[in-house]
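Beneath this line is the structure, given in structure tokens, with notes to follow.
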Amino acid sequence: MTDSSSTPAGRDPARLDTSVAHTARIWNYWLGGKDNYPADREVGDQIRGFLPDIVTSARADRAFLGRVVRYLVEEAGIRQFLDIGTGLPTAGNTHEVAQAIAPECRVVYVDNDPLVLVHAAALLTSTRPGVTDYIEADARDSATILAEAAKTLDFSQPVAIMLLGILNFIGDTGQAHEIVGRLIDAVPSGSFLVLAHPTNEINPEASEEAVRFWNENAKPPIHLRTAEELTRFFDGLELLEPGVVSCPRWRPDPADIGIATDVYQFGAAGRKP
């Protein structure tokens, strides 16, 4: 990790607005990180008032990332990842998990959050012969993402598209489907789509209250979806078992079988036939 004073070339720290809570920094706070500010911690604590186990949910989401990346590398043979909406770097980033198994893995991260950009250099630490790169772009700008990612990834070979905690910031479901569709169309057979997304199916009343508070006090605004809605993102793909489930229930590690609890994040993965 770099410290918060280090700025990649061309990045302007003045773009950071620390007076308004932001999702990347709130999640960093919940995950025990140090790259957050009083406004982020205040909103994070308020959300915990609505959802006392939200930190468990955030950590379950991170653990899901680790398990799904291990599956993709070890069992599916994936060596390329396009991780969109990566957030602030913490332990167990996609490239760290993947390259620990197969050092030749190539990973491209995408985000447009100013603080994430300040820390981009931390993500550009890669094993040899692997490669890690970073793109500054909005998730809606698929054309830029794909054009820039093609400088690092070979789109004639399978790619895992990682959309963890990002489609929930696309409130227009039609637009969210268009984003996913453009990305899937750009990758070949044998590629994968991985989603993690907050839901209102676990403790719905408190979840909706938390979302209302979030949208009034933090940015960007968030949108919850049901398992049925999330399943539709995998139309045309081979949805892997066990389907769209609470993150701890997606292929838990042997030691966790039978003790997984439901959290506010659902996760799933599907293969392009």
Side-chain angles (χ1 to χ4, degrees), residues 20-31 39-40 42-65 68 83-88 110-113 138-140 161-181 183 193-235 237 239-240 242-250 260-270:
V20 178
H22 194 282
T23 178
R25 302 193 301 258
I26 294 171
W27 274 72
N28 178 265
Y29 172 52
W30 286 337
L31 290 171
D40 309 308
E42 180 178 351
V43 170
D45 288 340
Q46 290 282 353
I47 296 296
R48 289 180 73 173
F50 294 110
L51 304 171
D53 50 353
I54 190 65
V55 171
T56 300
S57 185
R59 293 176 179 173
D61 175 87
R62 196 68 180 179
F64 166 73
L65 181 151
V68 75
D83 188 333
I84 301 174
T86 178
L88 286 160
V110 183
D111 210 296
N112 67 342
D113 176 74
D138 188 281
R140 298 171 182 85
I161 299 169
M162 312 285 288
L163 296 170
L164 275 62
I166 185 64
L167 291 182
N168 41 287
F169 299 115
I170 311 294
D172 184 323
T173 297
Q175 184 181 37
H177 278 279
E178 290 174 1
I179 291 168
V180 172
L183 294 170
L193 171 67
V194 180
L195 296 184
H197 195 295
T199 181
N200 52 6
E201 293 193 358
I202 307 298
N203 198 357
E205 291 186 7
S207 295
E208 293 292 353
E209 282 193 39
V211 166
R212 281 194 293 272
F213 179 84
W214 177 292
N215 291 346
E216 291 170 358
N217 295 277
K219 62 181 183 181
I222 196 169
H223 183 77
L224 305 181
R225 290 186 171 96
T226 65
E228 181 180 353
E229 290 173 311
L230 295 176
T231 301
R232 293 190 192 121
F233 286 106
F234 294 92
D235 286 351
L237 305 180
L239 184 60
L240 301 185
V244 178
V245 293
S246 182
C247 280
R249 299 187 184 280
W250 195 91
T261 58
D262 289 326
V263 299
Y264 307 106
Q265 288 282 115
F266 281 175

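Bear in mind the structure is a predicted one, so any value in this text is a computation, not a measurement.
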Leu230 and Phe234: which non-hydrogen atoms are nearest, and at how many Å? O-CD1, 3.5 Å
Any donor and acceptor pair, going by atom type alone, linking the side chain of Glu209 with main-chain N or O of Phe50 inside 3.5 Å? no
Where does the angle between the aromatic ring planes of Trp250 and Phe64 fall among parallel (under 30°), tilted (30 to 60°) and perpendicular (over 60°)? perpendicular
So, does Asp111 use its side chain to make a donor-acceptor pair with the main chain of Thr86 at under 3.5 Å? yes
Close side-chain approach of Ile47 and Ile26, heavy atoms under 4.5 Å: no
So do the side chains of Phe233 and His177 get within less than 4.5 Å of each other, counting heavy atoms only? yes
Over all heavy atoms of both residues, which pair between Asn217 and Ala21 is shortest? Give the atoms and the distance, please. O-CB, 3.9 Å
Please tell me if the side chains of Val43 and Tyr29 come closer than 4.5 Å, counting only heavy atoms from C-beta onward. no
I would like to know whether Leu51 and Ser57 meet side-chain contact (heavy atoms from CB on, under 4.5 Å); could you show each step before the answer? CA-CA 10 Å; Leu51 304 171; Ser57 185; over 6 Å; no
Any side-chain heavy-atom pair from Ile202 and Ser246 closer than 4.5 angstrom? no
With a 4.5 Å cut-off on side-chain heavy atoms, are Glu201 and Asp262 touching? no
If we ignore hydrogens and angles and just use 3.5 Å, is the side chain of Thr199 paired with the main-chain N or O of Arg225 as donor and acceptor? yes
Side-chain H-bond candidate by donor/acceptor type, Tyr264 with Asp61, under 3.5 Å: no
Side-chain donor or acceptor of Asp53 paired with backbone N/O of Thr56 under 3.5 Å: no
salt_bridge(Glu228, Arg232) N-O dist < 4.0 Å: yes
Taking all non-hydrogen atoms of both residues, which atom of Ala60 and which atom of Pro248 are closest, and how far apart? CB-CG, 3.7 Å
Looking only at heavy atoms, which two atoms of Asn215 and Pro221 are closest? And how far apart? OD1-CA, 3.2 Å
